[in-house]
Amino acid sequence: MQLLCVQDLKIHFPVRGGWLGRTTDVIKAVDKVSFEVEEGSTVGLVGESGSGKSTVARALLKLIPVTSGSVNYRGMEILQMPESEFRPLRREMQMVFQDPIGSLNPRMTVESILGEPQMIHFKELSKADRREASAGLLKKVGLPEDALHRYPHEFSGGQRQRIGIARALAVKPRFLICDEPVSALDVSVQAQILNLLKDIQAELDLTLLFIAHDLAVVRHMSDHIVVMHHGKVVEQGNADEICENPRHDYTQKLLAAVPELI
């Protein structure tokens, strides 16, 4: 069953110049991007930095304005939806950010970080209920319960990303966008986080949009791959087919950049 359908998505940013601040050019960050996401699957969005991947992700969550196009989530067109109607859907659509340091408030304990979204979306929960739920979330991502009383700077990069994942899961989402979730981590930690995401997806029956620049990582995670270059989709299809028989020159270059084990 289709969960998300993106059609002809355009996100253009004006370039202004001159003393009147007139528009002198337009940056086409995303240009006519279309893809679908089946419920329970993982779609990988792959491309180099600047290809428009993260811009697409932020547009799906209505964090940036869209020039034109359609984003249909569970049969609802969300781009034209007023915030008051879209707000309940924010609980269903969550993001794991690239930088676990920048995405966690350094002044808040882990208990506060995990409890805040629960306070917003589950107002009926008591403080004890939120603490119990937060402890369960930490266990799910492989961290001890005593981490609740610590601050982000007391953890390693991989542990901070686990906290970021727990925060995204705190509101029981249906659709999880993972925006370069392992690119800021040591290679030795990346596999742990990727396997954690796969285990959580299977356990909670989540749908994932997984964004990365490494085609090997995307293949490991994804059922379907969408290749982006200069804001456009240049190729998409079954993950194994894309990696074993790439048709576009750019996809071939991404594949050639994957290091081989000797």
Side-chain angles (χ1 to χ4, degrees), residues 3-4 6 29-30 33-38 40-58 60 94-103 141-142 156-162 164-165 168 175-204 206-262:
L3 182 71
L4 181 79
V6 179
V30 175
V33 166
S34 300
F35 62 90
E36 298 177 1
V37 181
E38 294 295 315
S41 71
T42 299
V43 170
L45 202 56
V46 64
E48 295 172 301
S49 296
S51 62
K53 311 183 302 297
S54 295
T55 305
V56 169
R58 282 157 175 74
L60 298 184
Q94 289 291 305
M95 182 181 286
V96 177
F97 295 92
Q98 175 180 0
D99 182 8
I101 299 176
S103 64
V141 299
S156 67
Q159 289 172 325
R160 280 191 288 261
Q161 193 59 289
R162 290 174 186 267
I165 294 170
F175 179 50
L176 197 61
I177 298 176
C178 302
D179 186 11
E180 298 268 13
V182 298
S183 64
L185 304 178
D186 293 339
V187 175
S188 59
V189 180
Q190 290 184 6
Q192 298 174 21
I193 299 299
L194 294 175
N195 290 332
L196 173 63
L197 286 169
K198 288 180 76 74
D199 291 343
I200 288 174
Q201 180 184 24
E203 179 183 349
L204 302 180
L206 295 174
T207 303
L208 265 60
L209 179 64
F210 187 88
I211 299 170
H213 61 270
D214 188 327
L215 191 52
V217 171
V218 171
R219 181 182 188 180
H220 173 71
M221 292 295 297
S222 307
D223 305 298
H224 185 91
I225 291 177
V226 180
V227 183
M228 287 190 65
H229 185 47
H230 292 327
K232 296 179 179 290
V233 173
V234 296
E235 186 170 5
Q236 63 175 301
N238 176 273
D240 290 336
E241 292 178 0
I242 290 289
C243 294
E244 292 173 8
N245 186 31
R247 297 182 179 181
H248 196 276
D249 291 344
Y250 180 68
T251 311
Q252 294 171 10
K253 291 178 181 178
L254 288 178
L255 199 59
V258 174
E260 294 183 7
L261 295 177
I262 299 176

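Between R162 and L196 there is a side-chain heavy-atom pair separated by less than 4.5 Å. The closest side-chain heavy-atom distance from I225 to L215 is below 4.5 Å.
In this structure, the side-chain hydrogen bond (donor to acceptor under 3.5 Å, both in side chains) partners of T42, at least two apart in sequence or on a different chain, are Q201. The ring pair (Phe, Tyr, Trp, His ring centres under 6.0 Å) check on H229 picks up Y250, with sequence neighbours excluded. Checked against salt bridge (charged side-chain N to carboxylate O under 4.0 Å, His left out), K253 has no partners two or more places apart in sequence or in another chain. Every salt bridge (charged side-chain N to carboxylate O under 4.0 Å, His left out) that R219 has, sequence neighbours left out, goes to D240, E244. Annotation: side chain to side chain contact (heavy atoms under 4.5 Å, CB included) contacts of Q94 (sequence neighbours excluded): A168, V171, P173, L176.
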Side chain to side chain contact (heavy atoms under 4.5 Å, CB included) evaluation trace for L197 with L206: CA-CA 10 Å; L197 286 169; L206 295 174; over 6 Å; no
Could you walk me through whether H248 and V227 pass side chain to side chain contact (heavy atoms under 4.5 Å, CB included), step by step? CA-CA 9 Å; H248 196 276; V227 183; over 6 Å; no
Decide yes or no on side chain to side chain contact (heavy atoms under 4.5 Å, CB included) for S183 and H213, but give the supporting numbers first. CA-CA 8 Å; S183 64; H213 61 270; 3.9 Å; yes
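Taking each heavy atom of P246 and L255 in turn, the nearest pair found is CG-CD2, 3.8 Å. Annotation for L185 and G158: closest pair CD2-N, 3.8 Å, computed over non-hydrogen atoms. The two residues S222 and A239 make their nearest non-hydrogen contact at O-CB, 3.3 Å. Of all heavy-atom pairs between L4 and F175, the closest is CD2-CZ, 3.9 Å. Residues G231 and V33 share a closest heavy-atom pair of O-CG2, 3.4 Å. The two atoms that bring A29 and T55 nearest to each other are CB-CG2, 4.3 Å, heavy atoms only.
Between the CE atom of M228 and the CG atom of L254 there is a distance of 12.0 Å, given to the nearest 0.5 Å. Interatomic distance, R247 CZ to I242 CD1, rounded to the nearest 0.5 Å: 8.0 Å. Note that CD of Q252 is 12.0 Å distant from SG of C243, once rounded to the nearest 0.5 Å. A distance of 7.0 Å separates CG in L45 from OG in S51, rounded to the nearest 0.5 Å. S54 contributes atom OG, which lies 5.5 Å from atom CD1 of I211 (distance to the nearest 0.5 angstrom).
Among residue pairs with one or both ends in residues 178-202, those qualifying as salt bridge (Lys or Arg N to Asp or Glu O under 4.0 Å) are K53-E180, R58-D179; sequence neighbours excluded.
One N or O on the side chain of Q161 and one on the backbone of P181 form a donor-acceptor pair closer than 3.5 Å. In this structure, Q190 contributes its side chain and V182 its backbone to a donor-acceptor pair below 3.5 Å.
A side-chain contact (heavy atoms from CB on, under 4.5 Å) with H224 is found for one member of Q236, E241, E38 and no other, namely Q236.
Counting non-hydrogen atoms of neighbouring residues, nucleotides and ligands closer than 6.0 angstrom, the NE2 atom of H220 exceeds 12 such neighbours.
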